[in-house]
**Student:** 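Provided herewith is a single structure, encoded as structure tokens, for subsequent inquiry.
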Amino acid sequence: MSGVRLENLVKRYGDVLAVDDVSLEIEKGELIALLGPSGCGKTSTLKMMAGLEKITEGNIYIEGRRVNDLKPEDRDVAMVFEDYSLYHRMSVAQNIAFPLRVRKVRRAEIQKRVGDMLELLELGDVANARVQDLSGGQQQRVAIARALVREPALLLLDEPLSHLDADMKVRLRTEIRWLQQERNVTAVLVTHDQLEALALADRIAVMDSARIHQYASASDVYERPANIIVAAFVGEPPMNLLDCTLEAVDARLYATAGSANGGVAIDVGSSAFDELAAHDVDLSGAFVLGIRPEHIAVSDDGDVSSSISAEVFFSEWLGMERLLMLAEPGGKEHWITALVRSEFSVREGDEIRITIDPDHAVIFDGASGRAVAGGQPEPSEQPEPGRA
């Protein structure tokens, strides 16, 4: 069952196009993330769903009801803001109860629901405390409780963790996900934090320049980016993107990348060859090879016939992993990044051998930036939810 449907949504502020023909469907009980850099249109999309911004074009449906012309209070939507937006003259319990009192819910029902929220979010010991005396994490839990106590059809989360320290972010991420699933509430998270989106969302809509570039599961967005924009934004460190030319040899695809000594030929396997052949892609053009840093195997004595020589340009120890920035053979600048086990012993200037996993390679068209092998279609080409 559809929880929310956006149809060809457009938002203009004068001559500025903030949201450009955005369409997506959210299943009931699903949490999706609108992920993208500042100014990409994600917050404008959220505010149109909440009724805080007028729709320029398109339609919004919540549980089958068109809500374009409904006031915010009539949409059955609750919102958690970045800055908590609590009432400082009220206690924790009074803050949570406030939306129910406004709707004239019976006193006994208010007490029951507020009690449930205090217990669920472990706020019982501060129920009578003033909210300004709480920590940032506690205040955000009060804001979440105030939103959930209404039992809304749609929960909107606008950068809810951005003001918190790292430990509290991890804890509240877990709590938000558990609460959303426990209450089976449809939810939309707006964030610029890719780790937050990957950890919380069932599906992610990656936005840039006012439009959605990919709407898919977190694993597909990460492993099978639809275009170079998605590949470059999602992942830390980001996906390696190497300008290359392609050549087919004995039903295998080889990507020649790099500028030093004419470049190096990288075996990207038979699957990529089959995918390009199936779509009749002309191999004479310019392409970009995408490979995640963790899909590069590194050694100091690799098989010369199946590996590539590289020189360590920079090494950074990250605890469980070590980040290596590598220069191409004969080159003097950063060319490719690898993530290896932390105990791998290496120094800047060392020559090592690298092997790229062809099963995780993505080939992008150099002109359009769209994935032509190993990636996913962009939203306009994807089937509707539940359809093959």
Side-chain angles (χ1 to χ4, degrees), residues 2-27 30-62 67-68 154 156-159 187-194 196-198 200-235 238-239 241 288 290 362 364-372 375-385 387:
S2 174
V4 178
R5 189 168 79 253
L6 309 184
E7 290 183 346
N8 308 112
L9 209 59
V10 173
K11 178 61 182 179
R12 293 189 183 91
Y13 299 97
D15 295 332
V16 177
L17 181 61
V19 178
D20 182 14
D21 197 26
V22 163
S23 294
L24 59 81
E25 189 159 351
I26 308 166
E27 300 296 335
E30 185 179 28
L31 188 156
I32 71 113
L34 300 179
L35 173 67
S38 297
C40 71
K42 57 187 187 295
T43 297
S44 293
T45 301
L46 193 81
K47 287 182 176 179
M48 285 189 284
M49 296 168 73
L52 302 177
E53 292 282 3
K54 289 186 177 181
I55 299 168
T56 304
E57 296 176 25
N59 296 295
I60 298 176
Y61 296 87
I62 299 176
V67 299
N68 290 38
L154 176 62
L156 302 177
L157 303 160
D158 185 13
E159 302 273 10
V188 178
L189 167 73
V190 158
T191 183
H192 65 274
D193 186 332
Q194 56 182 294
E196 199 171 293
L198 291 169
L200 281 170
D202 296 301
R203 286 189 287 175
I204 299 173
V206 182
M207 296 189 70
D208 189 68
S209 301
R211 63 180 294 262
I212 293 177
H213 289 264
Q214 186 168 5
Y215 183 42
S217 68
S219 60
D220 276 340
V221 165
Y222 186 82
E223 295 283 359
R224 303 178 62 207
N227 58 34
I228 287 175
I229 290 172
V230 176
F233 188 78
V234 178
M239 176 178 273
L241 297 169
V288 175
V362 183
F364 302 95
D365 178 77
S368 68
R370 296 171 63 181
V372 291
Q376 269 208 337
E378 292 188 350
S380 60
E381 300 175 86
Q382 294 178 358
E384 295 179 19
R387 298 186 184 181

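Because only heavy atoms are used, hydrogens play no part in the values below, and waters and symmetry mates are left out as well, while side chains stay in.
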**Student:** Quick one: closest heavy-atom pair of Ala226 and Glu378, and the distance?
**Tutor:**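 Reported closest heavy-atom pair: CB-CG, 3.9 Å.
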**Student:** Side-chain contact test, heavy atoms from C-beta onward, threshold under 4.5 Å: evaluate it for Asn8 versus Asp21 and give yes or no.
**Tutor:**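 Heavy-atom side-chain distance check passes, below 4.5 Å.
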**Student:** Using the rule side chain to side chain donor-acceptor pair (under 3.5 Å), only one of Gln376, His213, Arg370 pairs with Asn227; which is it?
**Tutor:**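 Filter result, single survivor: His213.
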**Student:** I need the Glu53 CD to Lys11 NZ distance, nearest 0.5 Å.
**Tutor:**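 Rounded to the nearest 0.5 Å, the CD-NZ separation comes out at 4.5 Å.
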**Student:** List the atom of Leu241, the atom of Gly290, and the distance in Å for their closest heavy-atom pair.
**Tutor:**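 Looking at all heavy atoms of both residues, the shortest contact is CD2-CA, 4.1 Å.
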**Student:** Within the 4.5 Å heavy-atom criterion, are Val188 and Leu6 side-chain neighbours or not?
**Tutor:**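 No, too far: nothing below the 4.5 Å cut-off.
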**Student:** Any sub-3.5 Å donor-acceptor pair from Asp208's side-chain atoms to Val230's backbone N or O?
**Tutor:**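 Between the backbone of Val230 and the side chain of Asp208 there is no qualifying donor-acceptor contact (under 3.5 Å).
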**Student:** Between atom CD1 of Ile204 and atom CG of Leu31, what is the distance when rounded to the nearest 0.5 Å?
**Tutor:**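 The distance works out to 10.0 Å.
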**Student:** Where do Phe364 and Ala231 come nearest, in terms of heavy atoms and distance?
**Tutor:**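 Nearest pair, atom of Phe364 first, then Ala231: CZ-CB, 3.8 Å.
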**Student:** Could you pull out the closest heavy-atom pair between Ala18 and Ala210, with the gap in Å?
**Tutor:**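 The pair with the smallest heavy-atom distance is O-CB, 3.2 Å.
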**Student:** Mind checking the CD1-CD1 spacing from Ile55 to Ile60? Nearest 0.5 Å is all I need.
**Tutor:**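 It comes to 3.5 Å.
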**Student:** Distance-only check: which donor-acceptor pairs under 3.5 Å involve side-chain atoms of residues 36-46, not counting sequence neighbours?
**Tutor:**
residue	atom	partner	partner atom	Å
Lys42	NZ	Gly36	O	3.0
Lys42	NZ	Pro37	O	3.1
Ser44	OG	Tyr13	OH	3.1
Thr45	OG1	Gly41	O	2.9

**Student:** Measure the spacing between CG of Asn59 and CE of Met48 and express it to the nearest 0.5 Å.
**Tutor:**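 Rounded to the nearest 0.5 Å, the CG-CE separation comes to 11.5 Å.
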**Student:** Can you confirm whether Leu35 sits close enough to Phe233 that some side-chain heavy atom of one is under 4.5 Å from a side-chain heavy atom of the other?
**Tutor:**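 Yes. Closest side-chain heavy atoms under 4.5 Å.
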**Student:** Can you name the residues that form a side chain to side chain contact (heavy atoms under 4.5 Å, CB included) with Leu52, not counting sequence neighbours?
**Tutor:**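 Side chain to side chain contact (heavy atoms under 4.5 Å, CB included) check on Leu52 returns Lys47, Ala50, Pro72, Met79.
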**Student:** Could you give the distance from CD (Glu159) to CD (Glu196), rounded to the nearest 0.5 Å?
**Tutor:**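 One gets 7.0 Å once the value is rounded to the nearest 0.5 Å.
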**Student:** Are the side chains of Val234 and Pro225 in contact, using a 4.5 Å heavy-atom criterion?
**Tutor:**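 No, their side chains stay 4.5 Å or more apart.
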**Student:** Of all heavy-atom pairs between Ala205 and Leu24, which one has the smallest distance, and what is that distance?
**Tutor:**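 Nearest heavy atoms, Ala205 then Leu24: CB-CD2, 4.2 Å.
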**Student:** Looking at Gly3, is its backbone amide N or carbonyl O close enough to the side chain of Glu30 to form a donor-acceptor pair, meaning the two atoms are under 3.5 Å apart?
**Tutor:**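 No, because the side chain of Glu30 does not come within donor-acceptor range (under 3.5 Å) of the backbone of Gly3.
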**Student:** Rounded to the nearest 0.5 Å, what separates atom CG in Leu189 from atom CG in Leu34?
**Tutor:**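 Atom-to-atom, Leu189:CG and Leu34:CG are 8.0 Å apart.
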**Student:** Any side-chain heavy atom of Leu157 within less than 4.5 Å of one from Thr191?
**Tutor:**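 No, side chains not in contact.
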**Student:** Taking the side chain as every heavy atom from C-beta outward, state whether Gln194 and Tyr222 have any atom pair closer than 4.5 Å.
**Tutor:**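 Of all side-chain heavy-atom pairs linking Tyr222 with Gln194, none is under 4.5 Å.
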**Student:** What pair of heavy atoms forms the shortest contact from Arg211 to Val22, and how long is it?
**Tutor:**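 Looking at all heavy atoms of both residues, the closest pair is CA-CG2, 4.4 Å.
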